[in-house]
Amino acid sequence: SIKLPYVTQVIANSAFQDCVKLKHVSIPQGCWCIADHAFDNCRSLEYVEIPHSVSFIGIDAFRGCYDLTVVFADKPEDEVVDVHDPAYRQDDELEIDSGAFAGVKNVCARDVKVIEKVIESGFRGYVTYFDEEKQQAITIDLNMIDNMVGVKYVSGLTCCKHYVVCNVNKGIDRTHT
């Protein structure tokens with residue numbers, strides 16, 4: 001396990017690439033960039049929480065982390081932010097490059113806009129987001145969707161035969177078909 005120092009703002013290109021025994025990483029609020037291949041091929045990596053401050057995730061940043069669950073943290077409610085600080089991002093300013101999560105098992109975020117960006121990056125796996133209307137977290141296996149026409153189609157669940165109701169912070173609760 002690695003806990004990055006609270007002053008970390010950038011995780012450099014290939015910083016932890018091929019660290020095959022790495023299981024957990026703690027990324028501090030204030031980090032704004034996870035560069036290309038940062039955790040590429042960290043096959044044992046199980047859990048990473050990406051703080052709200054991250055505004056860029058590079059090409060193949062988590063590629064090959066097959067057992068990984070990535071959780072995008074909510075914006076801290078008590079945080080006082082400087083809008084000129086590079087670590088501050090608006091909710092729509094997240095950029096995710098192609099293949100950033102290639103091979104990752106599960107990506108969770110309360111905000112469906114984050115999930116949209118994850119899917120746009122080419123992710124195929126489980127996505128979990130919070131459905132405001134149903135007031136519950138919904139997990140969808142994107143591998144079971146033959147034609148993805150966009151997240152509006154996905155989030156409506158009209159194309160899904162199988163989904164999992166999930167607590168974003170605690171994992172899968174039950175399966176529905």
Side-chain angles (χ1 to χ4, degrees), residues 1-130 137 139 142 151 166-171:
S1 292
I2 294 176
K3 183 175 182 179
L4 297 173
Y6 74 94
V7 294
T8 302
Q9 291 188 348
V10 175
I11 301 173
N13 288 349
S14 305
F16 297 97
Q17 185 173 14
D18 297 319
C19 291
V20 294
K21 294 187 177 185
L22 181 62
K23 287 190 171 204
H24 301 271
V25 175
S26 178
I27 301 172
Q29 178 67 22
C31 178
W32 64 271
C33 174
I34 301 172
D36 298 351
H37 304 281
F39 297 96
D40 190 355
N41 200 35
C42 292
R43 287 176 270 160
S44 299
L45 197 56
E46 296 173 349
Y47 179 84
V48 171
E49 183 172 309
I50 297 179
H52 186 268
S53 58
V54 170
S55 60
F56 177 79
I57 301 172
I59 296 170
D60 297 335
F62 294 95
R63 182 184 63 159
C65 301
Y66 302 112
D67 292 325
L68 178 60
T69 294
V70 175
V71 176
F72 281 85
D74 292 339
K75 184 185 329 184
E77 290 183 23
D78 60 345
E79 183 180 51
V80 177
V81 294
D82 174 1
V83 294
H84 302 294
D85 185 337
Y88 174 78
R89 82 166 164 87
Q90 297 288 337
D91 291 333
D92 60 349
E93 292 179 341
L94 177 62
E95 180 182 342
I96 302 174
D97 277 351
S98 66
F101 299 106
V104 169
K105 179 172 69 173
N106 192 13
V107 176
C108 304
R110 181 170 283 280
D111 186 353
V112 74
K113 291 178 191 173
V114 172
I115 294 300
E116 288 174 357
K117 294 193 183 236
V118 169
I119 292 171
E120 288 168 6
S121 76
F123 176 71
R124 297 296 269 181
Y126 291 94
V127 292
T128 304
Y129 67 95
F130 189 75
T139 296
L142 297 176
V151 174
C166 174
N167 178 318
V168 174
N169 296 319
K170 305 231 180 196

Query raised in the report: After noting the C-alpha distance and the side-chain angles of Thr69 and Tyr126, does the key distance pass the side-chain contact (heavy atoms from CB on, under 4.5 Å) rule?
Result: CA-CA 9 Å; Thr69 294; Tyr126 291 94; over 6 Å; no

Has the side chain of [X] got a donor or acceptor atom that lies under 3.5 Å from a matching backbone atom of [Y]?
{"X": "Asn13", "Y": "Asp36", "answer": "yes"}
{"X": "Thr139", "Y": "Thr128", "answer": "no"}
{"X": "Asp67", "Y": "Glu46", "answer": "no"}

Any side-chain heavy atom of [X] within less than 4.5 Å of one from [Y]?
{"X": "Val10", "Y": "Trp32", "value": "yes"}
{"X": "Leu45", "Y": "Phe39", "value": "yes"}
{"X": "His52", "Y": "Asp74", "value": "no"}
{"X": "Val118", "Y": "Ile96", "value": "yes"}
{"X": "Phe62", "Y": "Ile34", "value": "yes"}

Minimum-distance pair of heavy atoms, taken over all atoms of [X] and [Y]:
{"X": "Ala12", "Y": "Ala35", "answer": "C-CB, 3.6 Å"}
{"X": "Pro28", "Y": "Pro51", "answer": "O-CG, 3.3 Å"}
{"X": "Ala109", "Y": "Phe72", "answer": "CB-CB, 3.8 Å"}

Mind checking the [atom1]-[atom2] spacing from [X] to [Y]? Nearest 0.5 Å is all I need.
{"X": "Asp111", "Y": "Tyr129", "atom1": "CG", "atom2": "OH", "value": "12.0 Å"}
{"X": "Cys33", "Y": "Ile11", "atom1": "SG", "atom2": "CD1", "value": "8.0 Å"}
{"X": "Ile115", "Y": "Arg110", "atom1": "CD1", "atom2": "CZ", "value": "12.0 Å"}
{"X": "Gln17", "Y": "Leu22", "atom1": "CD", "atom2": "CG", "value": "13.0 Å"}
{"X": "Gln29", "Y": "Ser53", "atom1": "CD", "atom2": "OG", "value": "4.0 Å"}
{"X": "Asp40", "Y": "Asp60", "atom1": "CG", "atom2": "CG", "value": "5.5 Å"}

Query - Between Asp18 and Asn41: side-chain donor-acceptor atoms closer than 3.5 Å - result: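 Distance-only check passes for Asp18 and Asn41.
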
Query raised in the report: When you look at OH of Tyr66, are more than 12 heavy atoms from neighbouring residues, nucleotides or ligands closer to it than 6.0 Å?
Result: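 No - once you tally the heavy atoms of other residues, nucleotides and ligands closer than 6.0 Å, there are 12 at most.
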
**Report entry** Parallel, tilted or perpendicular: rings of Phe101 and Phe123 (30°, 60°)
**Finding:**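 Phe123 and Phe101: perpendicular rings.
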
